[in-house]
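Input: a single structure, listed below in structure tokens.
Below, each value reflects all heavy atoms present in this structure, side chains not excepted, and no hydrogens, waters or symmetry copies. None of the values given here were measured: they were computed from a predicted structure.
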Amino acid sequence: MKFEEVLPALREGKKIRRNNWCKDGYIYIGSDGEFENQSGKRPIIILDRLDDFDNREIVKETKKVKLRDLTKEQFEKYCKNLTGKYTYGTNCNKCVFHNVGCNSRYDNCWIEHKDLYSDKFLDQEIEIEAEE
């Protein structure tokens with residue numbers, strides 16, 4: 001996105017980052033109206049040309065949710081974002097829960113059988129995209 005396209009979101013208090021930045025890097029407008037980065041410091045912004053401020057994206061806000069409260073739809077979206085696949089149960093070695101049993105082709109995924117799992121397991125939290 002061009003900077004002009006993300007500017008309204010920035011003014012609404014959202015965070016933006018360059019497409020190629022790590023997921024923890026971003027800038028936002030602080031309470032004093034100045035740009036701040038993820039550390040709360042003023043970033044040095046050098047623009048050699050106008051397109052230096054293009055290729056931006058709005059940072060998707062996240063929230064923590066306990067596994068016991070996670071819906072199947074949220075879990076599928078979490079898996080898709082984590083593994084780059086459209087279904088859960090594929091490429092699970094990237095998932096922190098890949099040893100639990102989770103395959104979309106079978107009904108043995110823990111998300112379908114929460115009653116079989118301990119409180120210790122279900123009290124774990126993962127970070128998912130916040131619904132808007």
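Scanning for side chain to side chain contact (heavy atoms under 4.5 Å, CB included) contacts around Lys41 gives Asn37, Ser39, with sequence neighbours left out. Under the rule for a salt bridge (Lys or Arg N to Asp or Glu O under 4.0 Å), the partners of Glu129 that lie at least two apart in sequence or sit in another chain are Lys60, Lys77. Residues passing the side chain to side chain contact (heavy atoms under 4.5 Å, CB included) test with Asp115 are His113, sequence neighbours excluded. For Glu34, there are no side-chain hydrogen bond (donor to acceptor under 3.5 Å, both in side chains) partners two or more places apart in sequence or in a different chain. With sequence neighbours left out, the salt bridge (Lys or Arg N to Asp or Glu O under 4.0 Å) criterion links Asp69 to no other residue. By the salt bridge (Lys or Arg N to Asp or Glu O under 4.0 Å) test, Glu36 is found to be paired with no residue, residues two or more places apart in sequence or in another chain being considered. Listed by chain and residue number, Thr71 satisfy the side chain to side chain contact (heavy atoms under 4.5 Å, CB included) test with Glu73 (two or more places apart in sequence, or in another chain). Checked against side-chain hydrogen bond (donor to acceptor under 3.5 Å, both in side chains), Lys63 has the following partners two or more places apart in sequence or in another chain: Glu131. Applying the side-chain hydrogen bond (donor to acceptor under 3.5 Å, both in side chains) test to Arg42 and every residue at least two apart in sequence or in another chain returns Asp32.
Residue Phe35 holds its CZ atom at 5.0 Å from CD1 of Ile27, rounded to the nearest 0.5 Å. For the atom pair Thr62 OG1 and Ile126 CD1, the distance stands at 11.0 Å (nearest 0.5 Å). Between the CD atom in Gln124 and the CG atom in Asp119 there is a gap of 11.5 Å [rounded to 0.5 Å]. Going from atom CD of Glu5 over to atom CD1 of Ile16 covers 11.5 Å, rounded to the nearest 0.5 Å.
Using a 4.5 Å heavy-atom cutoff, the side chains of Asp123 and Arg68 are in contact. The shortest distance between side-chain heavy atoms of Leu67 and Trp110 falls below 4.5 Å. Within the 4.5 Å cutoff, side-chain heavy atoms of Lys15 are placed close to those of Glu61.
Across all their heavy atoms, Lys14 and Leu10 have their closest contact at O-CD1, 3.5 Å.
By the 30° and 60° cut-offs, the orientation of the rings of Tyr26 relative to Tyr28 is tilted.
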